[in-house]
Amino acid sequence: MKNYEGREVNFNKEVVTEIREKLDEFKKEIMRKRNKKIEIDNEDLFKLLQQLYTLGDDLLAEFDEFISCQKGCSQCCDKLVYITEPEGMMINKFISNNFTKNEINNIKYKINKRIKLRKDIKTSQNYAKIIESHKKEFSCIFYSQERLCKIYSVRPWNCRRHIVFSDRETCKLENEKHPITLNNTPFTGVKQLVDDIENEIYILNDNYKNENYYTLQEYMEKINI
Ligand code: SF4
């Protein structure tokens with residue numbers, strides 16, 4: 001398969017095998033903890049989540065030189081991002097430890113602005129016009145003016161797993177062409193491994209928190225930072 005520059009995409013299969021083995025170890029360890037009814041506190045949960053993020057990041061790093069996702073690109077930051085409870089909790093902790101009061105107020109302002117926009121859209125006859133004139137306000141609340149993610153080190157799984165091999169223009173919402181992601185490449189083994197890592201993130205949520213999923217915005221509204 002060729003990428004947006006016409007280069008043949010390839011990857012190291014040994015890395016995939018190694019990550020598959022690490023994931024199997026991870027699953028066994030979770031099973032052991034459950035069978036022995038070992039208590040897990042939030043800090044343990046965050047460490048487990050970070051382990052899964054690292055496996056996913058290491059795997060997808062194999063494709064770094066072939067993808068059009070680069071620092072500063074934010075084409076996917078205007079789409080809805082679904083998260084699990086532990087992911088939301090880890091982001092909340094990151095905000096408490098790293099954001100200044102001004103930054104927190106700025107996030108609150110963005111959250112409230114989006115709540116108001118949603119109400120306006122519901123009551124308006126001309127919601128298409130509202131969406132068009134407020135496009136920027138529909139991007140992620142953590143997307144900064146410097147075109148960077150304010151929570152990059154703890155960004156949710158769904159922001160990590162989305163890699164694009166076609167031109168980044170294909171990611172634009174109104175574009176007729178679909179981006180080429182792992183889903184529509186012949187790399188089925190890699191895609192399966194990414195799905196299996198994702199499944200473990202859901203299992204952590206189901207086992208240790210709840211079975212709920214939220215959009216990032218919904219979660220931030222819920223916890224009222
Ligand atoms: S969390 Fe970061 S990477 Fe994910 S959508 Fe928001 S700004 Fe983009």
Side-chain angles (χ1 to χ4, degrees), residues 45-46 49-61 63-64 66-100 102-115 117-118 131 134-175 178-183 194-195 197-198 201-202 204-205 209 212-225:
L45 195 54
F46 298 159
L49 189 54
Q50 284 288 12
Q51 277 182 46
L52 291 169
Y53 282 171
T54 303
L55 290 182
D57 291 349
D58 288 350
L59 177 64
L60 297 177
F63 297 99
D64 269 358
F66 301 108
I67 57 177
S68 54
C69 323
Q70 302 298 338
K71 194 171 181 180
C73 174
S74 56
Q75 297 279 19
C76 54
C77 298
D78 56 7
K79 297 182 171 55
L80 286 181
V81 175
Y82 281 88
I83 65 168
T84 58
E85 185 84 33
E87 290 181 288
M89 289 166 60
M90 196 160 73
I91 292 169
N92 191 26
K93 182 186 166 200
F94 181 84
I95 292 172
S96 309
N97 290 344
N98 295 283
F99 278 32
T100 62
N102 267 351
E103 285 172 319
I104 291 179
N105 285 339
N106 184 258
I107 295 295
K108 283 182 178 170
Y109 171 79
K110 285 181 174 181
I111 290 172
N112 289 330
K113 194 156 186 190
R114 282 156 179 74
I115 292 173
L117 270 176
R118 279 209 309 269
I131 291 177
H134 291 278
K135 253 184 194 161
K136 254 207 270 168
E137 275 83 7
F138 286 101
S139 62
C140 176
I141 48 175
F142 295 113
Y143 172 62
S144 73
Q145 278 178 342
E146 303 82 49
R147 295 169 64 82
L148 297 171
C149 171
K150 299 275 290 176
I151 55 165
Y152 190 77
S153 62
V154 291
R155 70 197 185 288
W157 169 252
N158 276 318
C159 304
R160 294 167 191 260
R161 71 160 290 164
H162 191 74
I163 59 170
V164 172
F165 296 95
S166 48
D167 193 282
R168 67 173 69 165
E169 287 299 304
T170 57
C171 301
K172 282 192 177 158
L173 267 184
E174 59 277 4
N175 209 313
H178 294 293
I180 300 175
T181 63
L182 265 183
N183 288 351
V194 169
D195 286 347
I197 293 171
E198 180 168 306
I201 292 175
Y202 293 150
L204 279 187
N205 189 34
K209 287 297 164 194
N212 298 338
Y213 307 101
Y214 315 85
T215 65
L216 195 45
Q217 163 91 16
E218 270 169 0
Y219 190 85
M220 291 300 143
E221 284 174 24
K222 173 176 97 90
I223 60 171
N224 196 15
I225 57 167

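What you are looking at is a predicted structure, and each value in this text was computed from that prediction instead of being measured. In each ligand, atom 1 is the first atom listed, and ligand 1 is the first ligand listed.
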Closer than 4.0 Å to some heavy atom of [X] - which atoms of ligand 1 meet that?
X    : value
F142 : 7 (S)
Y143 : 7 (S)
V81  : 5 (S)
C149 : 1 (S), 2 (Fe), 3 (S), 7 (S)

Original post:
Hey, is atom 4 (Fe) of ligand 1 within less than 2.8 Å of some N/O/S atom on C159?
Top reply: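 True for C159.
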Original post:
Does any donor atom in the side chain of Y82 or T215 lie under 3.5 Å from an acceptor atom in the other side chain?
Top reply: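 No, no side-chain donor-acceptor pair sits under 3.5 Å.
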Original post:
How about Y152 and F142: are their ring centroids closer than 6.0 Å?
Top reply: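 Not under 6.0 Å, so no.
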Subject >> Residue, atom name and distance, where the atom is the protein heavy atom closest to atom 6 (Fe) of ligand 1 >> reply: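 Nearest neighbour among protein heavy atoms for atom 6 (Fe) of ligand 1, to 0.1 Å: C140 SG, 2.4 Å.
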Original post:
Between Y213 and Y202, how do the two ring planes meet: parallel, tilted or perpendicular, split at 30° and 60°?
Top reply: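 Perpendicular, since the angle between the ring planes exceeds 60°.
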Subject >> Side chain, backbone, both or neither: I151 near ligand 1, heavy atoms under 4.0 Å >> reply: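 Just the side chain.
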Original post:
Got a sec: is C77 within less than 2.8 Å of atom 8 (Fe) of ligand 1 via an N/O/S atom?
Top reply: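 It does; at least one qualifying atom falls short of 2.8 Å.
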Subject >> Charged N-O contact under 4.0 Å between K222 and E85 >> reply: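 Salt bridge flag = yes for E85 with K222.
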Original post:
Less than 4.0 Å between a side-chain N and a carboxylate O, is that true for E221 and R118?
Top reply: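 Salt bridge present between R118 and E221.
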Original post:
Under 3.5 Å, is there a donor-acceptor pair between the side chain of E87 and the main chain of W157?
Top reply: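 Indeed, once roles are kept as given, a pair shorter than 3.5 Å links the two residues.
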